[in-house]
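Working notes, structure below.
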Amino acid sequence: MKIREIMTTKVITARPDETIKEVILRLRTNKISGLPVINSSKKIVGVFSESDVMMALPDILNDADAIPLIDIKELTDNSVRMVMSEPRFTISPEADVKDAAKIMLEKYVHRLPVTENDELIGLVSLGDVLKALTS
């Protein structure tokens, strides 16, 4: 089975200059945990996820006495560019679903932007891959 057959084509995206707050609200509104970050030419420049935000926060559980409380407004007013994941991994629409599963396992990612001629045309999630491999 090809990625083209299982990918989502109506992809919710972000721009690198948007604030973290704006994009977190988009994630919440759409009930998703991450999305591709694209430039004005629809080229992938990164991926933004809940995990990226969590990694940007100080380790308040382990170092509560050593660090001051972070100002959440200060963090969320920054641009997505500050916390998005790189390098980014993409996949071709003609790739096999097993290829996506292998990338996701090896790179510990939950979603892969689908690109053609370096332009975003879709998104495949771990859930999409699991459904395809088990049906």
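Everything numeric in this text was worked out from a predicted model, so none of it was measured. Throughout, residue positions are numbered sequentially from 1 according to the sequence presented.
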(request) Could you please spell out the steps behind the side chain to side chain contact (heavy atoms under 4.5 Å, CB included) verdict for Val45 and Arg81? (result) CA-CA 9 Å; Val45 295; Arg81 180 182 293 109; over 6 Å; no
For the pair [X] and [Y], find out whether any cationic side-chain nitrogen is under 4.0 Å from an anionic carboxylate oxygen.
{"X": "Lys98", "Y": "Asp96", "value": "no"}
{"X": "Arg26", "Y": "Glu18", "value": "yes"}
{"X": "Lys43", "Y": "Glu119", "value": "no"}

Please report the interatomic distance [atom1]([X]) to [atom2]([Y]), rounded to the nearest 0.5 Å.
{"X": "Ser92", "Y": "Glu116", "atom1": "OG", "atom2": "CD", "result": "7.0 Å"}
{"X": "Asp128", "Y": "Leu133", "atom1": "CG", "atom2": "CG", "result": "11.0 Å"}
{"X": "Met82", "Y": "Asp77", "atom1": "CE", "atom2": "CG", "result": "11.5 Å"}
{"X": "Leu27", "Y": "Glu50", "atom1": "CG", "atom2": "CD", "result": "6.0 Å"}
{"X": "Thr13", "Y": "Asn39", "atom1": "OG1", "atom2": "CG", "result": "10.5 Å"}
{"X": "Phe48", "Y": "Ile24", "atom1": "CZ", "atom2": "CD1", "result": "4.5 Å"}

Of the non-hydrogen atoms in [X] and [Y], which two are nearest, and what is the gap between them?
{"X": "Pro36", "Y": "Leu123", "value": "CG-CD1, 3.9 Å"}
{"X": "Ala14", "Y": "Val23", "value": "CB-CG2, 3.7 Å"}
{"X": "Pro93", "Y": "Ile121", "value": "CG-CD1, 3.7 Å"}
{"X": "Met104", "Y": "Val124", "value": "CE-O, 3.6 Å"}
{"X": "Leu35", "Y": "Ile12", "value": "CB-O, 3.2 Å"}

(request) For Arg28, enumerate each residue passing the salt bridge (Lys or Arg N to Asp or Glu O under 4.0 Å) test, keeping only those at least two apart in sequence or located in another chain. (result) none
(message) We want to know whether Asp52 and Ser85 form a side-chain donor-acceptor pair, criterion being a heavy-atom distance below 3.5 angstrom.
(response) yes
(message) Is there a path of hydrophobic side-chain contacts, each under 4.5 Å between heavy atoms, that joins Phe89 and Leu126?
(response) yes
(message) For Glu22, is there any backbone N or O sitting under 3.5 Å from a side-chain donor or acceptor partner on Thr19?
(response)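 Yes, Thr19 side chain to Glu22 backbone: donor-acceptor pair under 3.5 Å.
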(message) Determine whether a donor-acceptor pair (N or O, by modelled atom type, separation under 3.5 Å) exists between the side chain of Asn30 and the backbone of Ile32.
(response) no
(request) Might you confirm whether atom NZ of Lys2 has over 12 heavy atoms from other residues, nucleotides or ligands at distances under 6.0 Å? (result) yes
(message) Applying side-chain contact (heavy atoms from CB on, under 4.5 Å), can you list everything that pairs with Met1, at least two apart in sequence or on another chain?
(response)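 Expected list: Glu5, Ile6, Val97, Ala132.
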(request) For a side chain to side chain contact (heavy atoms under 4.5 Å, CB included) with Met7, tell me which candidate from Ile91, Leu112, Val114 qualifies. (result) Val114
(message) Are the side chains of Val83 and Ile20 in contact, using a 4.5 Å heavy-atom criterion?
(response)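 Sidechains of Val83 and Ile20: in contact.
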(request) Please tell me if the side chains of Arg15 and Val80 come closer than 4.5 Å, counting only heavy atoms from C-beta onward. (result) no
(message) Go through it in stages, so that I can follow the logic: the residues are Arg111 and Ser33, the test is side-chain hydrogen bond (donor to acceptor under 3.5 Å, both in side chains), and I'd like the CA-CA distance, side-chain angles, deciding distance and then a yes or no.
(response) CA-CA 10 Å; Arg111 67 199 53 79; Ser33 61; 2.6 Å; yes
